[in-house]
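The structure presented is a predicted model; accordingly, all values stated were derived computationally and were not measured.
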Amino acid sequence: MIVCVAVVGHQNNPLYIQSFTEADDALKLHHIVHCSLDVVDERVNNPRKSGPTLNETFLGLLYPTENYKVYGYLTNTKVKFIMVTTDLDVRDADVRSFFRRFHAAYVDAVSNPFHVPGKKITSKTFAESVSTIVKSFGFSSAI
């Protein structure tokens with residue numbers, strides 16, 4: 001189950017953070033998202049030979065914690081997508097599919113002529129789209 005998703009700008013400024021748990025966990029999840037930015041920066045600035053190539057946008061598992069797994073995705077414009085899940089046995093194909101759909105929803109939101117680039121995403125349509133994508137996570141392989 002996905003418990004948190006975030007969109008972080010190229011200057012590490014939060015553009016959108018949504019948690020899907022009780023309010024008590026929200027601060028902890030925001031902290032996990034913030035800590036994952038260090039791992040994203042490390043992977044982008046120091047690519048391994050056996051790791052993802054420079055044009056690969058899916059960063060994969062950033063780091064596991066005792067209760068969560070954190071996955072990352074980097075767009076061509078250096079905007080980062082972070083997903084925190086409680087499922088400890090998640091398939092990479094499902095995560096890739098989630099990030100592709102999430103990226104499409106993000107593109108639709110920032111393509112709005114009234115959206116100011118670099119500012120927080122306040123679109124209700126984007127929030128509804130994200131909720132739908134999160135609810136359908138893991139079921140996309142059956143479609």
Is there a side-chain contact between Phe20 and Val3 in this structure, where contact means two heavy atoms from C-beta onward sitting under 4.5 Å apart? no
Taking it one step at a time, do Phe99 and Leu74 satisfy side-chain contact (heavy atoms from CB on, under 4.5 Å)? CA-CA 10 Å; Phe99 278 128; Leu74 184 69; over 6 Å; no
Partner set under side-chain contact (heavy atoms from CB on, under 4.5 Å) for Thr132, not counting sequence neighbours: none
In this structure, CG of Asp94 is separated from OG of Ser136 (nearest 0.5 Å) by 10.0 Å
In terms of side-chain heavy atoms, does Ser129 have a donor or acceptor partner in Arg101 at a distance below 3.5 Å? no
pair Cys4-Val33: side-chain heavy atoms closer than 4.5 Å: yes
Would you say Ser19 and Thr21 are linked by a side-chain donor-acceptor pair, where the criterion is simply a distance under 3.5 Å? no
What are the two closest non-hydrogen atoms of Leu62 and Ser36, and how far apart are they? CD1-CB, 3.9 Å
Heavy-atom closest pair, residues Ile2 and Phe98: CD1-CE1, 3.7 Å
Would a 4.5 Å heavy-atom cut-off, applied to side chains only, mark Ile82 and Val70 as touching? yes
Kindly indicate whether the side chain of Val40, heavy atoms from C-beta on, has any atom under 4.5 Å from the side chain of Leu59. yes
Could you work out, with ring-ring contact (aromatic ring centres under 6.0 Å, His included) as the rule, every residue matching Tyr16, not counting sequence neighbours? Phe126
Could you give the side-chain donor-acceptor pairs of residues 104-120 under 3.5 Å, partners two or more places apart or in another chain?
| residue | atom | partner | partner atom | Å |
| --- | --- | --- | --- | --- |
| Ser111 | OG | Val107 | O | 2.6 |
| Asn112 | OD1 | Phe114 | N | 2.9 |

Give the intermediate values and the outcome of side-chain contact (heavy atoms from CB on, under 4.5 Å) for residues Val79 and Val8. CA-CA 6 Å; Val79 173; Val8 182; over 6 Å; no
SG of Cys35 to NE2 of His30: how many Å apart, nearest 0.5 Å? 13.0 Å
Could you walk me through whether Tyr71 and Val84 satisfy the side-chain contact (heavy atoms from CB on, under 4.5 Å) test, starting with their C-alpha distance in whole Å, then the side-chain angles of each, then the deciding distance to 0.1 Å, before giving a yes or no? CA-CA 6 Å; Tyr71 291 89; Val84 182; over 6 Å; no
Mind checking the NE2-CG spacing from His34 to Leu37? Nearest 0.5 Å is all I need. 6.5 Å
For Asn67, what residues pass the side-chain contact (heavy atoms from CB on, under 4.5 Å) criterion, not counting sequence neighbours? none
Sequence neighbours left out, what pairs pass side chain to side chain donor-acceptor pair (under 3.5 Å) with at least one residue falling in residues 78-89? Asn12-Lys80
Correct closest heavy-atom pair for Pro14 and Ile17 would be CB-CD1, 4.0 Å
By ring-ring contact (aromatic ring centres under 6.0 Å, His included), which residues pair with His103, not counting sequence neighbours? Tyr73, Phe81
Min side-chain heavy-atom separation Met83-Phe137 under 4.5 Å: yes
Within the 4.5 Å heavy-atom criterion, are Asn13 and Leu15 side-chain neighbours or not? yes
